[in-house]
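Contents: one structure, followed by commentary.
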Amino acid sequence: VEDELMRAQRLESLALLAAGLSHDLRNILQPLLIVPDLIRDRSDDPKVVRLADVIAECGRRGHEMVESMLSFVRGSRLPSERIVLQRLFQAVGMLLKSSLPGNVDLHLEVRDDRMAVEGNYTELQQVLLNLALNAIQAMPDGGRLSLLAERAAGADGERLRIRVQDEGVGMDEATVKRLFSPFFTTKAGGTGLGLVSCKRIVESLDGSIAVSSRPGEGTRFDLLLPLHAAAGERKDGAMPATPAGRG
Ligand code: ADP
């Protein structure tokens, strides 16, 4: 019980800290939102333009994370939108590639390019980046990191499954059990908050997160999320029954 009280107190101070930090970060991030445009205006070098794109994406993400942190601390809800998996994976790929170790082989696949999910774009992107960065850190000797999005059968109909799989150090059962506890980390500079935040975000989307791992073999995280039905398509894949009124 004392342990839980301590944890609650730490979480409360963390919320205060987050509020203060968000305020300062807002100002610090400002140039990242403006400078990439200035760079694009002044350079025709495609490499430079690509780097400006990466900075712009980081700035946008940082800005939205600050807003997300603030609204989390305030307890308000973030705007929800239709997130197309294809686009999300492209952005995640771009961000990961800019800092990918040479010995890690990144593989991204979206099995169906119409698949979408309803939620806050930046939050879901954050989940994938958290999982991917953990995976990369788990592969100091390199290996394959794969992100796969596909349809999967759920208990109550079709769901979207996002699978993040690595060939890293893996985890024993005791570690897996503690994975989603706040502040659990095995890293020197770790916060132990990454997976806690992933779980919170996934569950806020009415989804679930599952882990399977073996020491020395690697780790697989499976997210199951509600599929957002594409326009003109029903969840069961049948044609709409109502007259289309076309032709
Ligand atoms: P942090 O990265 O700050 O440690 P996380 O909550 O993201 O916090 O992760 C908690 C712990 O879970 C990590 O310290 C690590 O021991 C373990 N972990 C997470 N992802 C993986 C992975 N893909 N492979 C092996 N261990 C992992």
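Counting convention: from 1, in listed order, for ligands and their atoms alike. Values below: all heavy atoms of this structure, side chains included; hydrogens, waters and symmetry mates excluded.
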Output yes when the distance from some N or O of ligand 1 to some N or O of [X] is under 3.5 Å, and no in every other case.
X: D166; value: yes
X: V196; value: no
X: K187; value: yes

Presence of salt bridge, [Y] and [X], under 4.0 angstrom:
X: R220; Y: D222; result: yes
X: R144; Y: D166; result: no
X: R50; Y: D45; result: no
X: K199; Y: E203; result: yes
X: R161; Y: E150; result: yes

Numbering the atoms of ligand 1 from 1, which are under 4.0 Å from a heavy atom of [X]?
X: A135; answer: 23 (N)
X: G190; answer: 3 (O)
X: G194; answer: 5 (P), 6 (O), 7 (O), 8 (O)
X: L179; answer: 12 (O), 17 (C)
X: T191; answer: 3 (O)
X: A138; answer: 22 (C), 24 (N), 25 (C)

Top protein contact for [atom], by heavy-atom distance:
atom: atom 4 (O) of ligand 1; value: T185 OG1, 2.5 Å
atom: atom 15 (C) of ligand 1; value: T186 OG1, 3.5 Å
atom: atom 6 (O) of ligand 1; value: L195 N, 2.9 Å
atom: atom 10 (C) of ligand 1; value: F184 O, 3.3 Å

Subject >> Heavy-atom neighbours of K47 NZ exceed 12 at 6.0 Å >> reply: no
Original post:
Considering residues, nucleotides and ligands other than R214, do more than 12 of their heavy atoms fall under 6.0 Å from its CZ?
Top reply: no
ILVMFWY network linking [X] to [Y], side-chain heavy atoms under 4.5 angstrom:
X: L108; Y: L129; result: yes
X: V164; Y: V169; result: no
X: V127; Y: L224; result: no

Original post:
Among Q165, M171, M139, which residue places a heavy atom closest to atom 21 (C) of ligand 1?
Top reply: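 Minimum heavy-atom distance to atom 21 (C) of ligand 1 goes to M171.
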**OP:** Run down the list T175, N134, V169 and name the one with the heavy atom closest to atom 7 (O) of ligand 1.
**Re:**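 Minimum heavy-atom distance to atom 7 (O) of ligand 1 goes to N134.
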**OP:** Please confirm whether G192 comes under 4.0 Å of ligand 1, counting heavy atoms of the residue only.
**Re:** yes
Original post:
Is the shortest distance from a heavy atom of N130 to ligand 1 less than 4.0 Å?
Top reply: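 The answer is no, since N130 has no heavy atom less than 4.0 Å from ligand 1.
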Subject >> E123/R200 under salt bridge (Lys or Arg N to Asp or Glu O under 4.0 Å): CA gap, chis, key distance, verdict >> reply: CA-CA 10 Å; E123 279 202 324; R200 176 189 65 78; 3.3 Å; yes
